[in-house]
2 protein chains.
Amino acid sequence: MGHGVTDPLPPIQTTARDDAVLKALAGFVRQEALGPGQKLPTERILAERLKVSRNTVREALTRWEGLGLVERRQGSGTYLKAAVSPDMLHMPLTLAGGNDFAGLMRTLEIRRALEAEAAALCAVRAGKAEVAEIERKLDIMEEAFHSRAGMSSEEDWEFHQSVYRASGNPLFEQIISAMHELFHRFWEHPLGVRDFGHASFPYHRTIFDCIAAHDPEGARAEALKLIATVENDLKRGAANLKLLDRR
Amino acid sequence: MGHGVTDPLPPIQTTARDDAVLKALAGFVRQEALGPGQKLPTERILAERLKVSRNTVREALTRWEGLGLVERRQGSGTYLKAAVSPDMLHMPLTLAGGNDFAGLMRTLEIRRALEAEAAALCAVRAGKAEVAEIERKLDIMEEAFHSRAGMSSEEDWEFHQSVYRASGNPLFEQIISAMHELFHRFWEHPLGVRDFGHASFPYHRTIFDCIAAHDPEGARAEALKLIATVENDLKRGAANLKLLDRR
DNA sequence: GTGGTTCAATGGTCCAACCAATTTCTACAC
DNA sequence: GTGTAGAAATTGGTTGGACCATTGAACCAC
């Protein structure tokens with residue numbers, strides 16, 4: 001591996017319009033101190049200000065959208081989805097497979113590893129504000145559970161996200177979010193398992209208790225138990241639908 | 001899916017054009033059995049065949065380019081850079097300020113989680129052949145260590161990869177590989193730590209012993225110790241280079 | 001062969017519309 | 001005044017056509 005040696009003849013870069021657009025845009029975001037959720041200028045305005053075609057602006061924004069940095073809503077505008085800075089490092093990862101049961105189980109193994117570590121880190125690092133935020137999400141989730149008599153995937157997900165955020169490492173949320181999306185794609189046809197996720201309910205509070213008590217190993221253990229219930233539900237669903245031999 | 005003689009590039013119908021374009025293209029790549037390095041149809045042809053504007057084709061290809069799946073060469077064509085399949089899971093990771101020490105530590109936290117889980121799974125699932133392969137890599141690494149009196153990142157990496165493979169889940173290798181690449185980019189300016197990685201050496205064999213003994217919790221614990229030594233080396237390097245306050 | 005020239009193919013950029021979803025404003029009924 | 005349905009403006013999505021810049025192959029002079 002020839003590291004440490006710069007290429008004596010690096011290829012020259014003549015045209016890189018959309019790259020330049022992204023650089024300018026990143027600088028703009030920083031100057032205006034824009035954060036997640038905030039709206040950035042119209043494509044037409046960007047095109048005019050940067051003196052490039054709207055098409056070029058669109059290609060640049062398409063790249064950011066693909067990286068999950070930005071969300072475009074037709075008729076509304078383009079919104080920041082994450083913090084952007086001029087010195088970001090992108091690591092697009094595409095994984096083959098994942099639509100079948102085995103693929104889903106594989107993603108769940110990754111999630112088990114990350115969920116446990118995130119919970120443990122969270123127990124170490126979460127401050128008072130973060131703990132309060134997690135408890136707020138937990139209360140909302142429990143309330144939804146009791147009023148609807150079942151797990152609500154929306155509120156459940158919000159709870160987990162608040163844990164990832166409090167871990168102090170945004171990569172946890174990024175990676176698990178990608179997998180969560182896959183989950184939803186699979187899940188659109190309900191697996192025929194009644195009370196799916198029901199068994200995972202109590203562990204949400206035990207995880208929170210460990211986090212609040214700053215007990216990393218306890219949080220890790222409870223998180224592992226939670227994932228185990230999901231794996232179990234999934235296996236039941238697969239058996240129901242006879243998906244095990246699907247390719 | 002019994003398509004007997006379907007048009008390899010059927011026209012697009014629904015909204016969400018560029019997504020549909022990518023889906024159609026992925027199907028086309030599969031039918032034509034195209035692999036990395038091969039050229040795919042020109043934008044103009046794709047636009048005509050899919051009954052879509054060339055701009056839409058370009059937006060779709062821009063997305064693939066951003067994901068590293070495809071490379072466009074002006075005047076030449078668009079070439080596949082990786083295997084694509086209709087059921088891919090995209091996991092774009094962006095590291096804010098990926099050049100600094102904190103960013104590197106964040107990737108290491110992910111690696112710690114995955115490394116430990118992979119080692120544990122490996123201890124459960126590795127068969128005789130896998131164990132033999134891991135031991136072979138370990139021997140090579142130890143031999144290189146003694147002959148060169150220091151860690152060899154190449155052989156070290158091969159050992160770890162063999163563990164990931166034996167975990168039975170290819171996602172471990174893919175994700176950690178991406179982070180490993182990031183590591184190397186950072187490493188191009190050596191951190192000025194002599195004997196970097198030296199402390200991690202003995203744990204390679206202890207991990208192997210646990211795997212061979214099918215002791216998942218032991219393997220997990222040893223893997224965590226190994227990562228801890230790397231983190232420690234990294235902190236020493238950061239202190240040396242006074243990178244801690246770099247933004 | 002070597003080195004230029006020409007020329008067609010291909011991705012990159014631009015423009016000017018129009019479409020579709022969303023938001024905002026307005027006018028009307030009550 | 002209030003509420004609401006509908007018109008109008010805003011904004012991203014798509015189209016078609018044009019031209020530029022780079023590439024690569026065929027061709028030619030030497």
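Keep in mind the model is a prediction, meaning the values are calculated, not measured. Throughout, protein chains are lettered first and strands after them, A, B, ... in sequence-line order, and every chain is numbered starting at 1.
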* Interface with DNA chain D, restricted to residues 58-80 of chain A and to heavy atoms under 4.0 Å -> R58(A), R72(A), R73(A), Q74(A), G75(A), S76(A), G77(A), T78(A)
* Asked: Under 4.0 Å between a Lys/Arg side-chain N and an Asp/Glu carboxylate O for E65(A) and K81(A)?
  -> no
* **Residue pair S162(A) / R136(A), side-chain donor-acceptor N/O under 3.5 Å** => no
Would you tabulate the pairs of protein nitrogen or oxygen atoms and nucleotide nitrogen or oxygen atoms of nucleotides 15-18 of chain D closer than 3.5 angstrom?
residue	atom	partner	partner atom	Å
dT15(D)	OP1	R17(B)	NH2	3.3
dT15(D)	OP2	S53(B)	N	3.0
dT15(D)	OP2	T56(B)	OG1	2.5
dT15(D)	O4	N55(B)	ND2	3.4
dG16(D)	O6	N55(B)	ND2	2.9

* Indicate yes or no: does E71(A) engage R73(A) in a salt bridge with an N to O separation below 4.0 Å. => yes
* **Atom-to-atom span, CD of E48(A) to C1' of dA16(C) - whole angstrom** => 15 Å
* Calculate the interatomic distance between D19(A) atom CG and dT13(C) atom C1'; express it in whole Å. => 15 Å
Using atom names, set out every protein N or O paired with an N or O of nucleotides 5-8 of chain D below 3.5 Å, distance rounded to 0.1 Å.
none

* Which class fits the ring pair H146(A) and F201(A): parallel under 30°, tilted 30 to 60°, perpendicular over 60°? -> perpendicular
* **Under 3.5 Å side-chain donor-acceptor pair for Q174(A) and Y164(A)** => no
* **Nearest-angstrom distance from the residue atom CD of E43(A) to P of dC15(C)** => 15 Å
* Structure fact -> Taken in chain and number order and not counting sequence neighbours, the residues that satisfy salt bridge (Lys or Arg N to Asp or Glu O under 4.0 Å) with R165(B) are E173(B)
* Set of side-chain contact (heavy atoms from CB on, under 4.5 Å) partners for A119(A), sequence neighbours left out -> A219(A), A223(A)
* Structure fact -> Sorted by chain and number, sequence neighbours left out, salt bridge (Lys or Arg N to Asp or Glu O under 4.0 Å) with E158(B) holds for K137(B)
* **Verdict with supporting geometry, F145(A) and H204(A), ring pair (Phe, Tyr, Trp, His ring centres under 6.0 Å)** => CA-CA 12 Å; F145(A) 180 85; H204(A) 290 77; 9.1 Å; no
* To do: With rounding to the nearest 0.5 Å, note down the distance linking CZ in R63(A) to NE2 in H90(A).
  => 8.5 Å
